[in-house]
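First up is the structure itself, then whatever we jot down about it.
All residue numbers in this chain count up from 1 along the given sequence.
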Amino acid sequence: MALCLGQVFSKDKTFRPRKRFEPGTQRFELYKKAQASLKSGLDLRKVVQLPEGENINDWIAVHVVDFFNRINLIYGTMSEFCTERSCPIMSGGLRYEYRWQDGDDYKKPTKLPALKYMNLLMDWIESLINNEDIFPTRVGVPFPKNFQQVCKKMLSRLFRVFVHVYIHHFDSICNMGAEAHINTCYKHYYYFISEFNLIDHSELEPLLLCHL
């Protein structure tokens, strides 16, 4: 029998506190609307569609933060099974290897253990989410012109977490009774990035055979 989400993903296993939306802001209201749609049992293809009259960048920002929280929670739970010994390379099976590059500490694509890659990824995304020049929170402050490009890169890298977890740790997921929750999260993510064309098709290849 599958466990509830709170039982499967205990908070003390996450890498960092959840990022939250400030009550009273437009983004908080959009977040509540998105969560209500998810809980209503609507088709996920419809849930991800931009609500009438809403700004697409606000909608994308809300989902990027939400996916960051959810995927961070998933990997935080799986991290006890993903060690430098079990996963010395960040990969998705034998065909796909992901190397880390951030332009600062890692100026060239660098081969890293999966756990190290994930920690750097979460730190990198958190720093972008907290950057007011990229994710402005003040009323009337516009998004930067390259906002969607930045989000595409963030979502592309987050997708690699799904790839690694599904291909290398799915047995552990099933043993925990968490597969239904992770599958739903993945479907939500997949339909969202497909709706707004936020990831190159080539990035999706490792999981294209997964049932949606």
Could you walk me through whether Ser86 and His168 pass the side-chain hydrogen bond (donor to acceptor under 3.5 Å, both in side chains) test, one step at a time?
-> CA-CA 9 Å; Ser86 67; His168 295 278; over 6 Å; no

Tell me, with the steps shown, if Tyr96 and Glu205 meet side-chain contact (heavy atoms from CB on, under 4.5 Å).
-> CA-CA 10 Å; Tyr96 301 95; Glu205 288 180 358; 3.6 Å; yes

Criterion side-chain contact (heavy atoms from CB on, under 4.5 Å) on His63 and His188, from CA distance to verdict | CA-CA 10 Å; His63 282 80; His188 184 200; 3.9 Å; yes

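Looking at Asn119, its side chain does come within 3.5 Å of a backbone N or O of Leu115 through a donor-acceptor pair. Counting only distance, with no hydrogens or angles, the side chain of His164 and the backbone of Gly92 share no donor-acceptor pair below 3.5 Å. Distance alone, capped at 3.5 Å, places no donor-acceptor pair between the Asn131 side chain and the Ser127 backbone. Glu97 contributes no side-chain N or O that, together with a main-chain N or O of Met90, makes up a donor-acceptor pair within less than 3.5 Å. Side-chain atoms of Ser156 do not come within 3.5 Å of backbone N or O of Lys152 as any donor-acceptor pair. Checking side-chain atoms of Asn183 against main-chain N and O of Glu179 turns up a donor-acceptor pair under 3.5 Å. Checked by atom type and distance alone, the side chain of Ser79 never pairs as donor or acceptor with a backbone atom of Cys82 at under 3.5 Å. The backbone N or O of Ser202 lies less than 3.5 Å from no partner atom in the side chain of Asp200, so there is not a single donor-acceptor pair.
Note that CG of Leu121 is 9.0 Å distant from CD1 of Ile71, once rounded to the nearest 0.5 Å. Atom CD1 of Ile129 is separated from atom CD1 of Ile134 by 10.0 Å, given to the nearest 0.5 angstrom. With values rounded to the nearest 0.5 angstrom, Phe170 atom CZ is found 10.0 Å from Met78 atom CE. Atoms CD1 and CD1, on Ile74 and Ile182 in that order, are 5.0 Å from each other to the nearest 0.5 Å. Atom CE of Met118 and atom SG of Cys87 lie 8.5 Å apart (nearest 0.5 Å). A distance of 9.0 Å separates CG in Asn55 from CD1 in Ile60, rounded to the nearest 0.5 Å.
Between Met122 and Val161, the closest side-chain pair of non-hydrogen atoms falls below 4.5 Å. Lys153 has its side chain out of reach of Ile199: every pair of non-hydrogen atoms, C-beta onward, lies at least 4.5 Å apart. Between Phe159 and Phe67, every side-chain heavy-atom pair lies at or beyond the 4.5 Å cut-off. Two residues are said to be in side-chain contact when any heavy atoms from C-beta on lie closer than 4.5 Å; Val62 and Asp58 fail this criterion. No side-chain heavy atom of Tyr190 sits under 4.5 Å from any side-chain heavy atom of Phe162. Cys151 is listed as a side-chain neighbour of Phe147, based on a closest heavy-atom distance under 4.5 Å. Counting heavy atoms from C-beta outward, Phe135 and Val64 have side chains that approach closer than 4.5 Å. Side-chain atoms of Phe81 and Met176, non-hydrogen and from C-beta on, do get closer than 4.5 Å to each other.
Grouping the Ile, Leu, Val, Met, Phe, Trp and Tyr side chains by contacts below 4.5 angstrom, directly or via other members, places Val163 apart from Ile89. Put simply, Ile56 and Met154 are part of the same group of oily side chains (I, L, V, M, F, W, Y) that touch within less than 4.5 Å, one to the next.
Leu198 and Phe192 get closest at one heavy-atom pair: CD1-CE2, 3.6 Å. Here the shortest heavy-atom pairing between Arg70 and Cys185 reads CB-SG, 3.9 Å. Listed here is the closest heavy atom pair of Ile125 and Phe68: CG2-CD1, 3.5 Å. Nearest heavy atom pair, residue Gln101 against residue Lys107, reads NE2-O, 2.6 Å. Residue Phe143 comes nearest to Pro136 through the heavy atom pair CD2-CD, 3.8 Å, listed as atom of the first residue, atom of the second, then distance. Closest of all the heavy-atom pairs between Arg45 and Gln49 is O-CG, 3.4 Å.
Using the six-membered ring where Trp is involved, Tyr189 and Tyr186 have ring planes that are parallel, under 30° apart on the 30 and 60° scheme. Ring geometry, Trp124 versus Trp100: the interplanar angle exceeds 60°, so the pair is classed perpendicular (tilted spans 30 to 60°).
For Thr110, the side chain to side chain contact (heavy atoms under 4.5 Å, CB included) test picks out Tyr106, Leu112, with sequence neighbours left out.
By the 4.0 Å N-to-carboxylate-O rule, Lys116 lies too far from Glu84 to be salt-bridged with it. Here Glu203 pairs with Arg160 in a salt bridge; the nearest charged N to carboxylate O distance falls below 4.0 Å.
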